[in-house]
Amino acid sequence: MKFHILTLFPEMVMQGLTTSIIGRAVERGLLEIETVNIRDYSAEKHKKVDDYPYGGGAGMVMQAQPVYDAWKSVVDKIGYRPRTVYLTPQGGVFHQEAAKEFALEKDLILLCGHYEGIDERVLEEITTDYVSIGDYVLTGGELAAMVVADAVSRMVPGVLSNQESGTAESFEGNLLEYPQYSRPREWNGREVPAVLLSGDHAKVDEWRREQSILRTKERRPDLLERADLTEKEKIRFQIGKSEKLF
Ligand code: ADE
């Protein structure tokens with residue numbers, strides 16, 4: 001899979017995405033990450049990419065032309081209009097299912113804005129998905145693009161080792177992951193839960209499932225409403241259809 005990241009700060013994005021697991025996957029040819037510097041596509045002699053907003057107000061707006069031409073350079077190269085994600089706090093909030101869905105694409109364009117946003121007309125022309133990484137405002141879309149690229153990459157087959165991908169993880173079935181422990185058995189007066197040392201795999205699985213449900217109920221009651229729970233579990237953990245989760 002190939003990411004094409006349209007940005008005014010290509011070094012920032014490349015630095016964040018060329019280390020650790022993602023860097024390894026790039027070296028192994030499973031992923032490609034290309035940045036396109038929007039400033040290189042400014043038709044203006046001082047390479048300006050922003051201007052004052054029509055109607056007044058604070059800040060500057062990124063102009064349509066350099067954004068469009070940067071996007072078009074990718075389209076011309078790959079020969080089709082790929083899914084184009086604009087990172088913005090005005091988008092739908094990103095989640096694991098979206099990461100899995102994006103991971104099916106051959107090419108994905110991530111468009112990072114700066115200043116007070118991007119001229120709406122070019123967004124209408126090129127954007128297929130408006131994505132936010134949470135209800136807060138960042139100084140630009142770069143960190144958000146890195147978050148999305150990271151979460152999508154680990155869903156590309158082969159990027160995680162069998163060991164890494166074989167384990168249950170948070171958000172599978174809309175439940176958070178159970179707690180994990182490693183050596184030593186006792187640390188700072190705290191013992192590893194006895195069931196994990198019992199060697200009884202069925203018991204361990206049962207305990208982990210229970211912990212996942214309890215943890216989700218306590219920390220993310222909003223997720224529980226969409227969780228895959230059996231009727232028995234709903235009764236046992238007092239999880240109703242109604243809002244009364246506590
Ligand atoms: N750009 C600025 N804030 C953002 C956010 N929360 N998500 C995605 N892109 C952004």
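Read the numbers this way: they start at 1 and go in the same order the structure lists the ligands and their atoms. Quantities reported herein were computed from a predicted structural model and do not represent experimental measurements. Residue numbers count from 1 along this sequence. Reckoned from all heavy atoms, side chains included, excluding hydrogens, waters and symmetry mates.
Each of Thr35, Asp107, Thr84 was evaluated against His4; a single residue qualifies, Asp107, per the side-chain hydrogen bond (donor to acceptor under 3.5 Å, both in side chains) test.
Contacts between Thr88 and ligand 1 below 4.0 angstrom, taking non-hydrogen atoms only, involve the backbone exclusively.
Which parts of ligand 1 touch Gly134 is read off a 4.0 Å heavy-atom cut-off, strictly below it: atoms 6 (N). Here is the list of ligand 1 atoms found below 4.0 Å of a heavy atom in Leu87: 8 (C), 9 (N). When each atom of ligand 1 is checked for a heavy atom of Ala144 under 4.0 Å away, the hits are 8 (C), 9 (N). Using a 4.0 Å cut-off to heavy atoms of Val131, the atoms of ligand 1 that qualify are 8 (C).
Taken to the nearest 0.5 Å, the CG atom of Asp129 stands 12.5 Å off from the OG1 atom of Thr88. In this structure, CZ in Arg208 is found 10.0 Å from NE2 in His201, a value given to the nearest 0.5 Å. Distance check, rounded to the nearest 0.5 Å: CD of Glu169 to CG of Leu175 gives 13.0 Å.
Nearest protein heavy-atom neighbour of atom 1 (N) of ligand 1: Pro89 CD, 3.6 Å. The protein heavy atom nearest to atom 6 (N) of ligand 1 is Tyr136 O, 2.8 Å. Ranking the protein heavy atoms by distance from atom 7 (N) of ligand 1 puts Ile133 N, 3.0 Å first. Of the protein's non-hydrogen atoms, Leu138 N, 3.0 Å is the one closest to atom 3 (N) of ligand 1.
Under a 3.5 Å cut-off, the side chain of Gln63 and the backbone N or O of Gln65 do not form any donor-acceptor pair. For Glu186 (side chain) and Gly189 (main-chain N/O), a donor-acceptor pair under 3.5 Å exists by modelled atom type. Judged by distance alone, with hydrogens and angles left aside, the side-chain atoms of Arg39 form no donor-acceptor pair with the main-chain N or O of Leu8 at under 3.5 Å.
In this structure, Cys112 has no heavy atom closer than 4.0 Å to ligand 1.
Taking distance alone, with nitrogen or oxygen atoms compared against 3.5 Å, Val137 stays at or beyond that limit from ligand 1.
Under the side chain to side chain donor-acceptor pair (under 3.5 Å) criterion, Lys203 pairs with no residue, sequence neighbours left out.
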